[in-house]
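Some notes on the structure that comes next.
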2 protein chains.
Amino acid sequence: MYKKILEILLEKNDYVSGEELGKLLNISRSAVWKNINKLRENGYEIDSVTKKGYKILNNNDILNEAEIKSAIKNKSFIKKIYYYDQVDSTNNELKHILSENTEEGIIVVSDIQTSGRGRLGRTWVSPKQTGIYISLSLTPNIMPFECSSLTLVAALAVSNALKNVCNVPASIKWPNDILINNKKVCGILTEMSAEIDKLNYIIIGTGINVSTEFFDEELNKTATSIFLETNKKFERKKIISEFLFEFEKYYNKFCEENGFSEILEEYKQNCITLNKKVKVLCKESFLGTAVGVTEKGELIVKLMDGEERVVSSGEVSIR
Amino acid sequence: MYKKILEILLEKNDYVSGEELGKLLNISRSAVWKNINKLRENGYEIDSVTKKGYKILNNNDILNEAEIKSAIKNKSFIKKIYYYDQVDSTNNELKHILSENTEEGIIVVSDIQTSGRGRLGRTWVSPKQTGIYISLSLTPNIMPFECSSLTLVAALAVSNALKNVCNVPASIKWPNDILINNKKVCGILTEMSAEIDKLNYIIIGTGINVSTEFFDEELNKTATSIFLETNKKFERKKIISEFLFEFEKYYNKFCEENGFSEILEEYKQNCITLNKKVKVLCKESFLGTAVGVTEKGELIVKLMDGEERVVSSGEVSIR
């Protein structure tokens, strides 16, 4: 009932009388009033005016299923929303969900991750009420080895979302870190389950530092948040909504047209790694200049002697 | 206690006195006697001779953890054995186990699969007490796109195991079906979980028709069993043991040397598809002659006009 009252107030975004709420949900005025109080206890600022009713004034960046549902613009793409106050990692949680029922367009969002993971087995610090931790399921009709460029598509979508909502100069460090002023604000962990020649599903896991006010000394050298860069607090649901909207736009292109090639030019324009001197860390590390990105999403690095190498994995740092 | 008595009797493979069993397990003679009766109830033929003790004469092809454990030759490779009377599919069960703890050398064996799966979403009929349904976990240090040839390694291991234990003319239909006299006796479903540039794990799922006495009319056209081909009943644990032994032999080569290339020649010698006219079913089907296998495990098919195509997925039927 609590959730339904919240959904109605969020959807109307205006005063709704206790009588109307009671009628819509077939409950008493006193039950309405109890749930309004519960919303207030949970952090919502709710104005109540005689003869007009109740209106949510401020949600203090609360995340829950109703908030996310009301914020999402492309509701036909996002079929199911799972919200948790805390999970080990949103990717792991989504894997469990998909093991029962593999479906595209499921999202898992959590306020906290106790074991947030990044690429190459690293941890992703995921404290409460400051970040976006979201995982999205996809079942494109592609071969397992074609998945790698989808993680670049996700990076482009996050970069656009941060520019559109927060007006920050976001850029992409190949393959899929989002930087603001050379510090990392977002990481993406893409995982897949597949047979040898058939994809079961892909999970795009995204962590964005939104309202973080400080990092520990070590992280502070390389990490930032939207708040630290803008001195403003943004609602996480608005960033989530824009990310999913931007992602679907590129994803439809990816599925319907020539895979990544249609999106490549835009990716390159947003990729800060290009035309920079880089150090590639892999089995044997080497230095060079990043000169391009292939249609498969690999980085092309030109060595001092003119030789060009194609890098598909590993860590690339900008010098 | 039941399991421990079974393990001791299987290991000794000779008469063990009730007194000795009692001492080893710190239980009474009457408790030993009760458990011996329980073993008999479960299908074991146990001889009991005054002053000599108990000996298992015949296990009637019973499968359980103790039987599998005692049969396995390469015990350092197979670290954990999970046996079930019934699961939906051994691959699914192993996925659940690995989601808690990713480890190499775990096997899941079941007497029945209620939703046995084959390649390309097909079902694998898995009735009780007639087949081997086994899944094995691997965590090789390779990239996700390098996994495909491992399924060919598994096919070679099954083919050798069936030849060694059952003396049948087993051969491989590319990529990983095992045929006897042109009918399918074994299918392999290889699945993986991976990040874009890091493998989490591979599961090799194998289904072998061992003692099946008849198939329905439709399946009978294409399927066979060891029993139907030899008129003999073989113990499933002996085939499991030989398969795992053969698999590790090739797997060590695969990991330590040049991946699949060292094993390729032996695979080709056992691959019945080669030098046959074939029909390749994929997005656009075509006819040709299978002329080779690449070092990645792909099939090379020569068309009428001399063009050679490399096939990495889809269905290839022999004409």
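Residue numbering restarts at 1 for every chain, and letters A, B, ... go by the order of the sequence lines. Atoms considered below: every heavy atom in the structure, side chains included; atoms not considered: hydrogens, waters and symmetry mates.
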Can you say whether A/S148 sits under 4.5 Å from chain B via the side chain, the backbone, both, or neither, judging by heavy atoms? both
Candidate pair A/Y251 and A/E104, rule side-chain hydrogen bond (donor to acceptor under 3.5 Å, both in side chains), full reasoning: CA-CA 12 Å; A/Y251 181 62; A/E104 180 158 287; 2.7 Å; yes
Is B/N200 in contact with chain A via its backbone, its side chain, both, or neither, using a 4.5 Å heavy-atom distance? side chain
Taking atom types as modelled, find out whether B/Y133 and B/D111 have a side-chain donor-acceptor pair closer than 3.5 angstrom. no
Between A/I172, A/L179, A/D177, which is the residue that forms a side-chain contact (heavy atoms from CB on, under 4.5 Å) with A/I272? A/L179
Would you check if B/E248 and B/N252 make a side-chain contact, meaning some heavy-atom pair closer than 4.5 Å? yes
Less than 4.5 Å to any heavy atom of chain A: does that hold for the side chain of B/T190, its backbone, both, or neither? both
Could you look at A/S99 and say if it's the side chain, the backbone, both or neither that has a heavy atom under 4.5 Å from chain B? side chain
